[in-house]
Amino acid sequence: MSAAAGNAVRITEVGPRDGLQNERTPVPTEAKVAFVDALSAAGFPEIEVSSFVNAARVPQLADASQVFAAIRRRPGTLYSALVPNERGLEGALAARADKVAVFASASEGFSQRNTGGSIEEVLARFGPVVRGARTAGLPVRGYVSCVVRCPYDGPVSPAQVRSVVDRLLAAGVDEIDLGDTIGAADPDDIARLYDGLQGCVAPVATTLHLHDTRGTAVACAARALDLGVRSFDSSAGGLGGCPFAPGAKGNVATSALLELCAARGHATGVDAAAVARAIAPIVQLLRADAR
Ligand code: MG
């Protein structure tokens, strides 16, 4: 952290949440705890540990409270949780999450199917959640899904994204996370997206959440770096996807993002070898089940 500090890239590891959420193989709580602990050892500034959503909808993450209770917290790492509503926030607060994330969609079709309400209804639900989190002293991430394309509605315009970002900022979120939920973006889409957000939120104030469905995630991240983005989500082993988004493949792999950052001279503070050690037992577990 010296002259290069302004160039540093912040990586949020989302494998335990966005990664495992899409895996049908039930992963035992102990394995999740070991995964998070191993990721902590790799030095991530933030790990999205789990989600306090309806357990019937996302059975893989029904043990969020148990996982939070058992992990060893490394000073310097934020342990965050996804919360869809006030009930979820209560769970996250009880579990002593360091940060919470709410999620909206830039497309109406995805909003209806993924969050059980229109964009408007979902945004209206955020008010009390964001206020409650901030009263408890927790920072709030605001996810925007489908910032380039929706699996139901097709192309999503930067103007649609901008209107949702405006609303999230007005609701008081601390961080805007832009998600190419189905991995449809190419680098020019990323440039258009940020062009459309000019005067609303600066690239450096956003986090970009890429999926590698078409093998374009690293190229998109490279363009985003050129545009000034310095915060990304990724998943160890490229785990992930979204069970509510047909065609969604894994998140951009943490190792690929680390290689890109290293090649471009961006410090991340994350140890690639430790990430590889963290994901190995999970891959083994998922493979064993696939046989
Ligand atoms: Mg995702």
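We count ligands from 1, going down the list as the structure has it; atoms in each ligand are counted the same way. Only this structure's heavy atoms are used, side chains among them; waters, hydrogens and symmetry mates stay out.
Backbone or side-chain N, O or S atoms of Asp233 do not reach the Mg ion (ligand 1) at under 2.8 Å.
A donor-acceptor pair shorter than 3.5 Å can be found between the side chains of Ser231 and Thr207.
For Ser234 against Thr254, the heavy-atom pair with the smallest separation is OG-OG1, 2.8 Å.
Contacts classified as ring pair (Phe, Tyr, Trp, His ring centres under 6.0 Å) and involving residues 39-69 (residues at least two apart or in different chains) are given here: Phe52-Phe68.
The atom of His209 that is an N, O or S and sits closest to the Mg ion (ligand 1) is NE2. Nearest N, O or S atom of Asp18 to the Mg ion (ligand 1): atom OD2.
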Side-chain atoms of residues 259-266: list all donor-acceptor pairs with protein atoms under 3.5 Å, sequence neighbours left out, distances to 0.1 Å.
| unit_1 | atom_1 | unit_2 | atom_2 | d |
| --- | --- | --- | --- | --- |
| Arg264 | NH1 | Asp226 | OD1 | 2.8 |
| His266 | ND1 | Asn7 | O | 2.6 |
| His266 | ND1 | Asn7 | OD1 | 3.4 |

